[in-house]
Amino acid sequence: MKRLLVLALAATSLFAHAQTYPGSKPVSIVVPFAAGGPTDRVARDLAEAMRKAMGGTANFVVENVNGAGGTIGATKVAKANPDGHTLLLHHIGMAAAPALYRKLQYKPLEDFEYLGMINEVPMTLIGKPQLPANTYRDFENYIKANSGKLNIAHAGLGSASHLCGLMWQSAINAKEAMTTIPFGGTGPAMNALVGGQVDLMCDQTTNTTGQIEAGRVKAFAVTTAKPLSKHKLLKDYPTLQEMGLKGFDLTIWHGLYAPKGTPPAVLAQLNTALKIALKDADFMKKQDGLGAVIVTDKRVEPDVHKAFVAAEIAKLKPVIDAAKQFAD
Ligand code: MLT
């Protein structure tokens, strides 16, 4: 009888918590990169759509906690109070970090509750405006002719831009690793590229489309297996496979996470709000314009998203291990 009473009380308090959640206390969406980059962009657009999805009462705030390729922000959320008021919006770095950090302060599959996947975003290889190349062929020849003299920007070990850079240098059999210049995110990295302080970068279309269109950077190729034929601007750039890099296929995905132990009723509310937000007309329009593809398959379900990340961890480890010489 006593056990039944305890269970009933627990269920009541869970239900009550869910009924009052999120209440007036803000819900922080931690972005583990600097403001102004692609991850930050997705988070701010999604926060607005989720606020609407929860009836306009939820106060979602984006909190940028950058450093160490996104692992500092991810660690903060892994260790946060699991009350539903601290979430993490992250990306493929959740799957890349285990292969790059010997002492990761969190376990991607054990220390988080998975809320669902958000989108998939292609990447573009871009260069500073002064780079003496206009086609991908010229670009690759220039890089090879200046081996050891050029630098590549990224957002820290395990970031999407870092992962793309090491995969691409490995795929072109670069004689020696380029000098890598890490930033708190590809927002600040893009400023350095536009200003000519760094030579090149691989970054998500959500951050590069506007700069390419404005002619502030040069674009050479996209990293997806198939051309981005539906995008008015990106359709003009070849895939790396078309440029001879067999099997090169890199798309960045974003997902939403909460600390392990967040109440199931709160998780269910957040997953429902996420599903509604992904169908928000304004969010869809913004994502489409930036070359991002909103997830419409089962990966929006927490367990499917988690299984997908587990598979990505297994897939990326040999890829990263094989390109370790370019991983600095
Ligand atoms: C990355 O390279 O992981 C992201 O572009 C970082 C960011 O969102 O700034």
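In each ligand, atom 1 is the first atom listed, and ligand 1 is the first ligand listed.
- Checked against salt bridge (Lys or Arg N to Asp or Glu O under 4.0 Å), K149 has no partners two or more places apart in sequence or in another chain.
- Using bins of under 30°, 30° to 60° and over 60° for the plane-to-plane angle, the ring pair F139/F220 lands in the parallel bin.
- Counting only residues at least two apart or in different chains, side-chain hydrogen bond (donor to acceptor under 3.5 Å, both in side chains) contacts with residues 49-78 comprise S28-E63, D40-N64, R44-N64, E48-R51, K52-D280, E63-K76.
- Residue pairs that meet the disulfide (SG to SG under 2.5 Å) test with at least one member in residues 124-211, sequence neighbours left out, are C164-C202.
- Side-chain contact between I212 and Y237 is present, with heavy atoms from C-beta onward closer than 4.5 Å.
- Enclosure of atom NZ in K324 by more than 12 non-hydrogen atoms of other residues, nucleotides or ligands within 6.0 angstrom is indicated.
- Protein residues with a heavy atom under 4.0 Å from ligand 1 are F33, G37, P38, T39, H91, A155, S159, A160, S161, G185, T186, D203, Q204.
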